[in-house]
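Not measured: the values here are computed from a predicted model. Chain naming here is simple, since letters A, B, ... match the order of the sequence lines and numbering starts at 1 in each.
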Number of protein chains: 2
Amino acid sequence: MGRGPRWCHARFRKFGYKMTQPREIILDVFSRAKKHLSAEDIYMEVYKIYPGIGLTTIYRTLDILINMGMISRHDFGDGRSRYELIGDLKSEHHHHLVCLSCGKIIDYSDFIDEEIKLFDKLEKVLSEKHNFEIKYHQVGFYGLCDKCKLTKLS
Amino acid sequence: MGRGPRWCHARFRKFGYKMTQPREIILDVFSRAKKHLSAEDIYMEVYKIYPGIGLTTIYRTLDILINMGMISRHDFGDGRSRYELIGDLKSEHHHHLVCLSCGKIIDYSDFIDEEIKLFDKLEKVLSEKHNFEIKYHQVGFYGLCDKCKLTKLS
DNA sequence: TCCTAAATGATAATGGTTTTCATTTTCAAT
DNA sequence: ATTGAAAATGAAAACCATTATCATTTAGGA
Ligand SMILES: [Mn+2]
Ligand SMILES: [Mn+2]
Ligand SMILES: [Zn+2]
Ligand SMILES: [Zn+2]
């Protein structure tokens, strides 16, 4: 994270986009975020220091950031997409634990060696077998978190 | 698949639901489907032999079937949910290859032994480490299918 | 056959996301 | 610094998958 506005400006230009204040602030919100953000989460954060912001701009910027490979979009089944920085920008690649009851999401990236090796191998085997060019993968384990497990004992 | 109406009737009753004609037809559509179906896909199929059907009933039945553990819901990022029969009803557990360009979806269940073993181990390790009760997992590899790979050479 | 709870479907409402379009901003060329 | 064309913005309306309402029908045990 924290490459600063100078670096971002260059990156946007490289993709043919202009660097604007809304875009810079949105990236800043991402970089200081501790969790997965919805479009509205981002809107509300940006609004605090840039009340002129429009929700439309949030969505358009999210599209751009996805195309530039700077954020990833996830759907955890609650009807709204969530976004987070990827790669060396902030968090490293990780998988998810999703609570079906309260929606809590746990990231884990402390993969066991086998997990890393297997996914490398899988991407290779699958792309050859199905003549598929794999860009990325997503893994989610769904169930009940610690708190919701207790609640179920009613 | 193909347990027939008699078996389904019992299964619905066991969960406290009534067996109705719409529900029987919806299950039949699922059992002969060759791919992942959206709510509207199902609606259109059912409509052919039961024109009185309402889209609302499709959605309500999908909820019930999910609760009964007979179908699974997936989100492949195109804005609508897809559903498919689960388990011994038709298809076995499998993972997905999703084309980011045309939306084509490939199921694969010919897991290599290592993959099966790893996921067993992962579910055990993760559920202990995070005190999480894991119900199921989903794995998706995203990229370009064979045809879309060629199209990209423009 | 009867009765009541459950199920249905037409319709309206919801809510996240996208489109439209008139106005503003960026930034490379001057 | 000024200028101007292209890109970006935001208010508002449109979109569209899904859900809620509610009057009517149906399933299935008594
Ligand atoms: Mn995450
Ligand atoms: Mn599948
Ligand atoms: Zn929970
Ligand atoms: Zn494709």
Side-chain angles (χ1 to χ4, degrees), chain A residues 5-6 8-27 29 36-68 71-83 103, chain B residues 5-6 8-27 29 36-68 71-83 103:
Chain A
R6 176 113 254 107
C8 288
H9 191 287
R11 180 135 192 175
F12 271 82
R13 297 268 70 202
K14 172 151 45 176
F15 279 85
Y17 298 117
K18 293 177 178 175
M19 175 49 90
T20 66
Q21 206 170 343
R23 288 172 182 178
E24 190 175 326
I25 298 173
I26 289 170
L27 269 177
V29 166
H36 307 82
L37 300 172
S38 67
E40 183 146 11
D41 288 337
I42 299 164
Y43 173 78
M44 291 187 298
E45 280 307 306
V46 174
Y47 186 89
K48 289 179 184 169
I49 54 180
Y50 190 91
I53 192 67
L55 189 51
T56 312
T57 297
I58 304 292
Y59 279 107
R60 278 189 294 233
T61 303
L62 289 171
D63 281 346
I64 287 173
L65 293 175
I66 287 174
N67 284 334
M68 293 199 297
I71 63 172
S72 60
R73 191 216 314 274
H74 293 279
D75 186 298
F76 297 122
D78 69 337
R80 69 188 60 188
S81 293
R82 308 268 168 181
Y83 308 82
Chain B
R6 175 115 252 104
C8 287
H9 190 287
R11 181 136 191 175
F12 271 80
R13 297 269 67 202
K14 172 149 48 176
F15 278 85
Y17 298 117
K18 293 178 179 175
M19 174 50 88
T20 66
Q21 206 169 344
R23 289 173 181 177
E24 190 174 326
I25 298 173
I26 289 170
L27 269 177
V29 166
H36 308 81
L37 301 172
S38 67
E40 183 147 12
D41 288 337
I42 298 164
Y43 173 78
M44 291 188 298
E45 280 305 307
V46 174
Y47 185 90
K48 289 179 186 171
I49 53 179
Y50 191 91
I53 191 68
L55 190 50
T56 311
T57 298
I58 303 293
Y59 279 108
R60 276 189 295 233
T61 303
L62 289 171
D63 279 347
I64 287 174
L65 292 175
I66 288 174
N67 284 335
M68 292 199 298
I71 63 172
S72 60
R73 192 216 313 273
H74 293 279
D75 186 297
F76 296 122
D78 69 337
R80 69 189 59 190
S81 293
R82 308 268 168 179
Y83 308 82

Please say whether more than 12 non-hydrogen atoms of neighbouring residues, nucleotides or ligands are located less than 6.0 Å from OH in A:Y17.
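Yes - once you tally the heavy atoms of other residues, nucleotides and ligands closer than 6.0 Å, there are more than 12.
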Distance (rounded to the nearest 0.5 Å) between [X] [atom1] and [Y] [atom2]:
| X | Y | atom1 | atom2 | result |
| --- | --- | --- | --- | --- |
| B:M19 | B:C8 | CE | SG | 5.0 Å |
| B:I42 | B:I26 | CD1 | CD1 | 7.0 Å |
| B:L37 | B:E45 | CG | CD | 8.0 Å |

Nearest-angstrom distance from the residue atom [atom1] of [X] to [atom2] of [N]:
| X | N | atom1 | atom2 | value |
| --- | --- | --- | --- | --- |
| A:Y17 | D:dA6 | OH | P | 18 Å |
| B:R80 | D:dT18 | CZ | P | 8 Å |
| A:N67 | D:dA8 | CG | P | 12 Å |
| A:R6 | C:dC27 | CZ | P | 10 Å |
| B:E24 | C:dA7 | CD | P | 15 Å |
| B:D41 | D:dA17 | CG | C1' | 13 Å |
| B:L37 | D:dA17 | CG | P | 15 Å |
| B:I66 | D:dT18 | CD1 | C1' | 12 Å |

Determine the interplanar angle of the A:Y47 and A:Y43 rings, folded into 0 to 90°, and report it as parallel if under 30°, tilted if 30 to 60°, perpendicular if over 60°.
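Geometry flag for A:Y43 against A:Y47: tilted rings.
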Angle between the end axes of the helix from C:dT1-D:dA30 to C:dT30-D:dA1, five pairs per end, to the nearest 10 degrees?
30°
Which sits closer to the 5' end of DNA chain C, A:Y83 or A:M19, going by the nucleotide each is nearest to?
A:Y83
Mind listing the residues from residues 49-61 of chain A sitting with a heavy atom below 4.0 Å of DNA chain D? Number order is fine.
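Contacts with DNA chain D under 4.0 Å: A:Y50, A:G52, A:I53, A:G54, A:T56, A:T57, A:R60.
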Between [X] and [N], is there a side-chain N or O to OP1/OP2 distance below 4.0 Å?
| X | N | result |
| --- | --- | --- |
| B:T20 | C:dT8 | yes |
| B:H9 | D:dG28 | yes |
| A:R23 | C:dT26 | no |

Report the C-alpha distance between A:Y83 and A:L65 in whole Å, list the side-chain angles of each, state the deciding distance to 0.1 Å, and finish with yes or no for side chain to side chain contact (heavy atoms under 4.5 Å, CB included).
CA-CA 10 Å; A:Y83 308 82; A:L65 293 175; over 6 Å; no
Take B:K18 and B:E40, find for each the nucleotide of DNA chain D with the closest heavy atom, and name the residue whose nucleotide sits nearer the 5' end.
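Nearer the 5' end of the strand: B:E40.
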Taking for each residue the nucleotide of DNA chain D with the nearest heavy atom, is it A:I64 or A:Y43 whose nucleotide lies nearer the 5' end?
A:I64
Below 4.5 Å, heavy atoms only, C-beta onward: do B:I64 and B:R23 meet side chain to side chain?
yes
Side-chain donor or acceptor of A:T57 paired with backbone N/O of A:I53 under 3.5 Å:
no
Under the 3.5 angstrom rule, does the side chain of A:R80 hit a backbone N or O of A:D75 as a donor-acceptor pair?
no
Under 4.0 Å, counting only non-hydrogen atoms across every strand here, what does A:S38 touch: a base, just sugar-phosphate, or nothing?
nothing
Presence of salt bridge, A:R82 and A:D41, under 4.0 angstrom:
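Salt bridge flag = yes for A:R82 with A:D41.
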